[in-house]
Amino acid sequence: MRFLDMHAHVLPNVDDGAKDLDAALALLRAQQAQGVDAVAATPHFYAAQVRLESYLQTTRARYEQLREVCRAQALPELFLGYEVLYFRHMASSGVLPQLTLGGSRYLLLELPYRVELDETVVEEIVSIRLNCDLIPILAHLERFASQDGFSQILGLIDEGYAEAQINAASLLQWGSRNLCLRLWNNGYIRYLASDAHSMKHRPPALQQAMQTLEKKAGKDCVEAFAENSRALYDAITAAQNARPTEE
């Protein structure tokens with residue numbers, strides 16, 4: 001069974017993740033040592049701070065370079081995606097299909113910080129699902145539990161408009177661990193990912209997180225995360241195979 005780390009900042013020198021090729025390879029080797037077979041490189045996408053075409057060109061070029069090294073060194077299989085920060089009218093912007101995980105229907109979406117998660121945010125997520133025919137995966141959902149309107153976001157997950165991911169590191173901290181376990185037990189979490197940035201700042205911790213999950217929630221929980229990871233891997237590879245000329 002393949003395990004996909006679907007949220008990791010391993011692309012060199014494009015955001016606050018890996019600063020260069022050596023740093024990227026150190027992250028990938030650490031992920032491999034923890035049982036990760038595939039990684040989605042998900043650099044931040046801030047619509048207000050970048051020019052779309054030039055950013056896509058840069059990230060795609062860095063991805064191709066890193067992927068070739070991964071193949072040569074038998075490191076985890078690499079896909080390109082983005083962690084897209086919420087912005088107004090994103091569903092009607094026309095850019096989201098270019099920012100999905102490996103060209104699949106899955107979009108890693110970062111909710112806005114320090115603002116109310118109000119009806120505007122909710123309606124945008126619903127529109128992404130219904131009008132763009134994309135499936136939002138809400139990145140590190142546990143970070144937003146204290147924000148106003150969080151219950152509305154949980155309602156979206158309940159109703160099937162979005163899925164959600166938690167960070168491995170959050171399971172290793174006492175306060176956030178209990179929150180993550182509650183979210184899991186109530187059916188709100190589908191994916192576990194590293195959100196790795198560097199070996200010093202948020203290093204990969206999936207193996208430790210899985211061990212914690214097995215102790216606190218049982219082996220069935222670990223197996224469910226692995227199965228969900230495999231299903232997402234299959235969806236991404238199917239999308240890749242549907243467009244062989246882009247490889």
Side-chain angles (χ1 to χ4, degrees), residues 1-10 17-18 26-42 75-79 81 83 101 106 108-111 113 135-147 150-151 153-158 160 162-236:
M1 179 181 290
R2 303 190 72 81
F3 192 93
L4 167 69
D5 185 359
M6 46 77 68
H7 180 181
H9 296 265
V10 298
L27 287 170
L28 289 161
R29 291 187 187 107
Q31 286 162 308
Q32 186 176 55
Q34 294 177 20
V36 172
D37 302 287
V39 175
T42 53
L75 290 171
E77 187 175 0
L78 197 67
F79 301 111
E83 182 182 7
L101 295 174
Y106 291 87
L108 184 62
L109 176 63
E110 184 174 21
L111 294 171
Y113 288 97
I135 303 170
I137 299 176
L138 306 181
H140 35 63
L141 183 69
E142 72 277 13
R143 291 188 185 178
F144 303 93
S146 62
Q147 291 187 211
F150 185 66
S151 61
I153 300 300
L154 297 183
L156 286 178
I157 299 172
D158 269 333
E163 299 178 349
Q165 168 253 316
I166 55 172
N167 280 2
S170 296
L171 285 163
L172 305 181
Q173 301 167 8
W174 184 83
S176 55
R177 175 191 302 160
N178 290 337
L179 169 62
C180 288
L181 291 173
R182 287 198 302 272
L183 290 170
W184 163 259
N185 288 331
N186 286 298
Y188 294 116
I189 303 301
R190 187 167 178 82
Y191 305 106
L192 176 68
S194 72
D195 191 12
H197 279 63
S198 75
M199 294 304 295
K200 291 184 178 180
H201 174 61
R202 200 177 306 132
L206 282 165
Q207 186 176 56
Q208 301 96 310
M210 287 293 197
Q211 291 168 349
T212 297
L213 279 172
E214 186 164 354
K215 289 179 182 178
K216 300 295 183 179
K219 190 174 181 179
D220 287 349
C221 174
V222 173
E223 291 176 349
F225 273 121
E227 182 64 31
N228 294 340
S229 168
R230 184 176 68 173
L232 183 58
Y233 173 87
D234 288 345
I236 293 174

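For the pair L192 and F3, the tightest heavy-atom approach, listed with the atom from each and the gap, is O-CZ, 3.9 Å. Closest approach of A38 to F79, counting heavy atoms only: CB-CE1, 4.1 Å. Annotation for L4 and A40: closest pair CD1-N, 3.8 Å, computed over non-hydrogen atoms. The minimum heavy-atom distance between I157 and G187, with the atom names listed, is CG2-O, 4.5 Å. Here the closest heavy-atom approach between residue F144 and residue A139 is recorded as CE1-O, 3.6 Å. Residues S194 and D5 share a closest heavy-atom pair of OG-OD2, 2.5 Å.
A distance of 11.0 Å separates CG in N186 from CG in L181, rounded to the nearest 0.5 Å. Considering CD1 of I166 and CG of L171, their distance stands at 4.5 Å, rounded to 0.5 Å. Residue L156 holds its CG atom at 10.0 Å from OG of S151, rounded to the nearest 0.5 Å. Annotation: the span from L111 atom CG to Q147 atom CD amounts to 7.5 Å, rounded to 0.5 Å. In this structure, Q165 CD and E110 CD are separated by 10.0 Å, a value rounded to the nearest 0.5 Å. With rounding to the nearest 0.5 angstrom, the CZ atom of R143 is 13.0 Å from the CZ atom of F150.
The backbone N or O of T42 sits less than 3.5 Å from a side-chain atom of H9, completing a donor-acceptor pair.
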Side chain to side chain contact (heavy atoms under 4.5 Å, CB included) between E77 and Y233: does it pass, once the steps are laid out?
CA-CA 10 Å; E77 187 175 0; Y233 173 87; 2.7 Å; yes

Stepwise side-chain hydrogen bond (donor to acceptor under 3.5 Å, both in side chains) check, H140 with E83
CA-CA 11 Å; H140 35 63; E83 182 182 7; 3.0 Å; yes

Given the rule in the side chain to side chain contact (heavy atoms under 4.5 Å, CB included) test, do L179 and L183 qualify, once you have shown the distances and angles that lead to the verdict?
CA-CA 6 Å; L179 169 62; L183 290 170; 4.1 Å; yes

Test side chain to side chain contact (heavy atoms under 4.5 Å, CB included) on V39 and L75; report intermediate values, then the result.
CA-CA 10 Å; V39 175; L75 290 171; over 6 Å; no

Run the side chain to side chain contact (heavy atoms under 4.5 Å, CB included) check on V10 and Q31 step by step: do they pass?
CA-CA 11 Å; V10 298; Q31 286 162 308; 3.9 Å; yes

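Side-chain N/O atoms of S170 and E142 include a donor and acceptor closer than 3.5 Å.
Each salt bridge (Lys or Arg N to Asp or Glu O under 4.0 Å) pair with one or both residues in residues 163-178, not counting sequence neighbours, appears once here: E163-R190.
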Donor-acceptor contacts, no H, no angles, side chain residues 199-208, under 3.5 Å, sequence neighbours left out:
from	atom 1	to	atom 2	distance (Å)
R202	NH1	D195	O	3.4
R202	NH1	D195	OD2	3.0
R202	NH1	H197	ND1	3.0

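Counting only heavy atoms from C-beta outward, the side chains of L28 and V36 never approach each other to under 4.5 Å.
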